[in-house]
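Here the structure comes first, spelled out in structure tokens, and everything after it is commentary.
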Amino acid sequence: MLIFALVQSTGCEPSDPNPGTGSDCEDVNEASVGFPELFRMYTGTPTEITVEGYLTGVVASSDREGNIFGTIYIQDLAENPRSGIALKTDLVGSDALFPLGTRVRLWLPGLYLGLQDSGYALGTTREVFGNIFLDRLPALATAERLAPDCGDFEGIQPTAVRAEGLDSTLVHTLVRIQDVEVDPEFKSRPFAETEEETLVPLLSCTGTRLGLVNSGYSEFRDEELPAGSGTATGILLGEAPEYRLLLRFASDLDMEAPACPDRYPPVSSDRLFISELADPDNETGARFLELYNAGDQPIDLKGWSLQRYTNSNPEPGNPFNLDGFRIEPGGTLVCTADPETFEAVYGFSADAVLSSNGPADSNGDDNLVLIDPFGNRVDIFGVPGEDGSGTSHEFEDGGAFRRGEVFRANPEFNPGEWEIYNDSGGHGTEKRPLQAPEDFTPGSHNLNRGGKLQGDLPKDVKR
């Protein structure tokens with residue numbers, strides 16, 4: 001009865017193939033508020049919206065099988081969205097009124113803007129012990145504010161992305177994550193414990209981890225989780241490195257392919273090597289380590305690691321695991337220990353964040369080693385057990401650049417494969433402190449770096 005009454009109030013039948021074309025449909029473009037404009041209104045606590053206008057977007061979620069409850073997710077575009085938002089609501093059976101892919105408009109004045117699952121959300125508020133929290137909008141109030149927009153049924157296309165390519169712009173939008181599998185320890189278990197929200201670990205075939213959010217009240221809670229690998233489709237929640245995926249239907253887990261280890265067994269390669277090390281004289285936070293794939297095939301870094309031998313220590317520190325990364329032919333992986341400073345100095349984000357005092361945070365007298373999935377040393381800079389100061393592998397206040405003619409890794413250090421700059425000189429190195437960003441090319445190893453240090457950046461080197 002409630003659904004029937006709400007349908008009557010919106011003027012559209014649930015089965016209408018062209019929602020929004022009823023007699024109450026009117027042009028509201030002049031009163032629209034864009035997603036970025038709306039997000040800028042947030043003040044850090046639930047913020048009342050006072051501007052007159054509609055938010056228009058496409059429904060990205062469905063409560064048909066009960067895994068999504070109390071929220072309708074809306075994204076700005078049907079394909080390749082730039083933003084998404086959660087509308088908190090008490091409306092039950094919203095899928096019948098606003099089917100997946102329906103273009104809708106939401107009347108904003110009087111709603112409150114807040115955060116939910118690391119993304120923006122709209123609703124009403126409630127007070128608990130003097131604190132204001134975002135709460136669900138009553139069902140009838142939802143029907144009064146939310147309506148199918150003018151025009152034809154929009155449809156929706158999930159954004160295809162790999163787990164390692166997820167970013168904050170996709171939160172509260174519909175994504176299809178490729179090459180994933182349920183954690184082997186959870187395969188063949190039920191989707192969720194009865195009446196309990198269950199977080200199931202999901203792994204990409206490259207090792208990136210995320211969580212699968214399953215409701216203990218969903219229709220598919222007792223079904224077994226699939227044993228293979230494939231794609232997972234749902235609403236993205238959370239933030240790196242702990243993204244979560246909220247399924248709409250059990251069929252959102254399409255795991256018909258063999259398990260990841262059978263599809264992508266660990267591999268070694270001598271075409272992957274350390275290509276650049278930086279200890280800038282002017283900014284220690286701009287230190288980095290770069291890896292380069294000189295081969296003609298992508299290299300999955302599952303099982304690979306980096307080690308640092310600090311000063312003259314004969315034993316390495318804790319290794320940094322490179323699971324979850326993949327380097328395309330001719331591509332690089334840039335690692336930093338200070339992502340904020342790195343981006344401020346070089347103008348873009350590093351690919352991987354390593355711990356301080358780790359492989360990407362050397363002060364120029366340490367030794368760095370690249371280890372393959374089988375524990376073998378594939379490439380090295382320096383001599384473990386020997387402090388780099390005053391040697392052929394010192395790059396203090398400078399940098400070390402793999403020469404352009406080197407196309408294979410070397411498990412034994414060969415100074416002749418490197419151009420090395422520091423503040424002392426000698427032993428085949430050049431006494432020349434280097435400055436960031438101008439003396440370095442993170443992410444652009446494809447030619448001999450000498451031209452860069454002479455102020456002549458080759459035309460096909462892109463920053």
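Quick caveat, the model's predicted, so the values are computed rather than measured. Side chains are part of it too, since the values below use all heavy atoms of this structure and drop only hydrogens, waters and symmetry mates. Each residue takes its place number in the sequence, starting with 1.
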For this session: Return yes if some donor-acceptor pair links the side-chain N/O of Asn422 with the main-chain N/O of Gly425 below 3.5 Å, else return no.
Result: yes

For this session: Only counting residues at least two apart or in another chain, list the ones meeting side-chain hydrogen bond (donor to acceptor under 3.5 Å, both in side chains) with Thr43.
Result: Thr47

Exercise. Listed by chain and number, what are the ring pair (Phe, Tyr, Trp, His ring centres under 6.0 Å) partners of Phe191, not counting sequence neighbours?
Worked result: Phe220

Problem set entry | Neighbour count above 12 (heavy atom, 6.0 Å) for Asn318 CG | no

Exercise. In Å, rounded to the nearest 0.5 Å, how long is the span from CZ of Phe39 to CG of Leu115?
Worked result: 10.0 Å

Exercise. Do Glu419 and Glu430 pass the side-chain contact (heavy atoms from CB on, under 4.5 Å) test, and can you show the C-alpha distance, the side-chain angles, and the key distance before you say yes or no?
Worked result: CA-CA 8 Å; Glu419 294 176 2; Glu430 182 173 334; over 6 Å; no

Exercise. Can you list the residues that meet the side-chain contact (heavy atoms from CB on, under 4.5 Å) rule with Glu195, with sequence neighbours excluded?
Worked result: Tyr217

Exercise. Side chains of Thr310 and Asn357: closer than 4.5 Å at any heavy-atom pair?
Worked result: no

For this session: Name all residues meeting the ring pair (Phe, Tyr, Trp, His ring centres under 6.0 Å) criterion together with Phe395; count only those two or more places apart in sequence or in a different chain, and write none if there are none.
Result: Phe381

Exercise. Side chains of Ser305 and Leu322: closer than 4.5 Å at any heavy-atom pair?
Worked result: no

Exercise. So, the side chain of Asn367 versus the backbone of Val383: is there a donor-acceptor pair under 3.5 Å, distance only?
Worked result: yes

Exercise. Can you name the side-chain contact (heavy atoms from CB on, under 4.5 Å) partners of Arg244, sequence neighbours left out?
Worked result: Asp117, Leu199, Val213, Leu237

Problem set entry | Gly416 backbone acceptor or donor facing Arg403 side chain under 3.5 Å | yes

Exercise. Do side-chain atoms of Tyr346 reach the backbone of Ala286 as a donor and acceptor pair under 3.5 angstrom?
Worked result: yes

Problem set entry | Asn293 side chain to Leu272 backbone, donor-acceptor under 3.5 Å | no

Exercise. Is there a donor-acceptor pair closer than 3.5 Å between any side-chain N or O of Asp279 and the backbone N or O of Asp397?
Worked result: yes

Problem set entry | Glu181/Lys187 ion pair, N-O < 4.0 Å | yes

Exercise. Can you tell me how far CD1 of Ile380 sits from CD1 of Ile274, rounded to the nearest 0.5 angstrom?
Worked result: 8.0 Å

For this session: Taking side-chain contact (heavy atoms from CB on, under 4.5 Å) as the test, write out the residues that go with Ala192, two or more places apart.
Result: Thr198, Asn214, Arg221

Exercise. For Thr173, which residues count as a side-chain contact (heavy atoms from CB on, under 4.5 Å) partner, sequence neighbours excluded?
Worked result: Gln75, Pro81, Leu170, Val175

For this session: May I ask you to decide if Gln435's main-chain N or O and Asn282's side chain share a donor-acceptor pair within less than 3.5 Å?
Result: no

For this session: Taking the side chain as every heavy atom from C-beta outward, state whether Asp439 and Pro280 have any pair of such atoms under 4.5 Å apart.
Result: no

For this session: Search all heavy atoms of Ser269 against all heavy atoms of Ile299 and return the closest pair with its distance.
Result: OG-CD1, 3.7 Å

Problem set entry | With sequence neighbours excluded, residues passing side-chain hydrogen bond (donor to acceptor under 3.5 Å, both in side chains) with Ser312 | none

Exercise. Does Asn67 reach the side chain of Leu246, with side-chain heavy atoms less than 4.5 Å apart?
Worked result: yes

Exercise. With a 4.5 Å heavy-atom cut-off, do Glu164 and Thr206 have their side chains touching?
Worked result: yes

For this session: Decide yes or no for Ile327 and Leu301: does some side-chain heavy atom of the first lie under 4.5 Å from some side-chain heavy atom of the second?
Result: yes

For this session: Give a yes or no answer on whether the side chain of Arg308 reaches the backbone of Asp361 with a donor-acceptor pair at less than 3.5 Å.
Result: yes

Problem set entry | Derivation of the side-chain contact (heavy atoms from CB on, under 4.5 Å) call for Ser218 and Glu65 | CA-CA 6 Å; Ser218 68; Glu65 294 186 9; 5.8 Å; no

For this session: With sequence neighbours excluded, tell me which residues meet ring pair (Phe, Tyr, Trp, His ring centres under 6.0 Å) with Phe249.
Result: none

Exercise. Would you say the side chain of Ser83 lies within less than 4.5 Å of the side chain of Tyr120, judging by non-hydrogen atoms?
Worked result: no

Exercise. Taking atom types as modelled and ignoring hydrogens, do the side chains of Glu394 and His427 form a donor-acceptor contact shorter than 3.5 angstrom?
Worked result: no

For this session: Only pairs at least two apart or in different chains count here, so list each salt bridge (Lys or Arg N to Asp or Glu O under 4.0 Å) that has a residue in residues 248-272.
Result: Asp179-Arg263, Arg248-Asp252, Asp270-Arg408

For this session: Could you check Glu290 against Thr441 for side-chain contact (heavy atoms from CB on, under 4.5 Å), going step by step and ending with a plain yes or no?
Result: CA-CA 10 Å; Glu290 177 191 88; Thr441 59; 5.5 Å; no

Exercise. Is it true that a side-chain atom of Ser229 and a backbone atom of Pro258 form a donor plus acceptor pair closer than 3.5 Å?
Worked result: yes

Exercise. Would a 4.5 Å heavy-atom cut-off, applied to side chains only, mark Leu122 and Ile49 as touching?
Worked result: yes

For this session: For Glu328, check side-chain hydrogen bond (donor to acceptor under 3.5 Å, both in side chains) against everything at least two apart and list the hits.
Result: Arg326

For this session: For Asp135 and Arg126, indicate whether the former's side chain and the latter's backbone hold a donor-acceptor pair under 3.5 Å.
Result: no

For this session: Please check if any side-chain donor atom of Glu343 sits under 3.5 Å from a side-chain acceptor atom of Ser349, or the reverse.
Result: yes

For this session: Just do the side-chain contact (heavy atoms from CB on, under 4.5 Å) check on Leu174 and Ile235 with the steps written out, would you?
Result: CA-CA 5 Å; Leu174 186 63; Ile235 303 296; 4.2 Å; yes

Exercise. Does Ser362 have any side-chain hydrogen bond (donor to acceptor under 3.5 Å, both in side chains) partners at least two apart in sequence or in another chain, and if so, which?
Worked result: Asp366

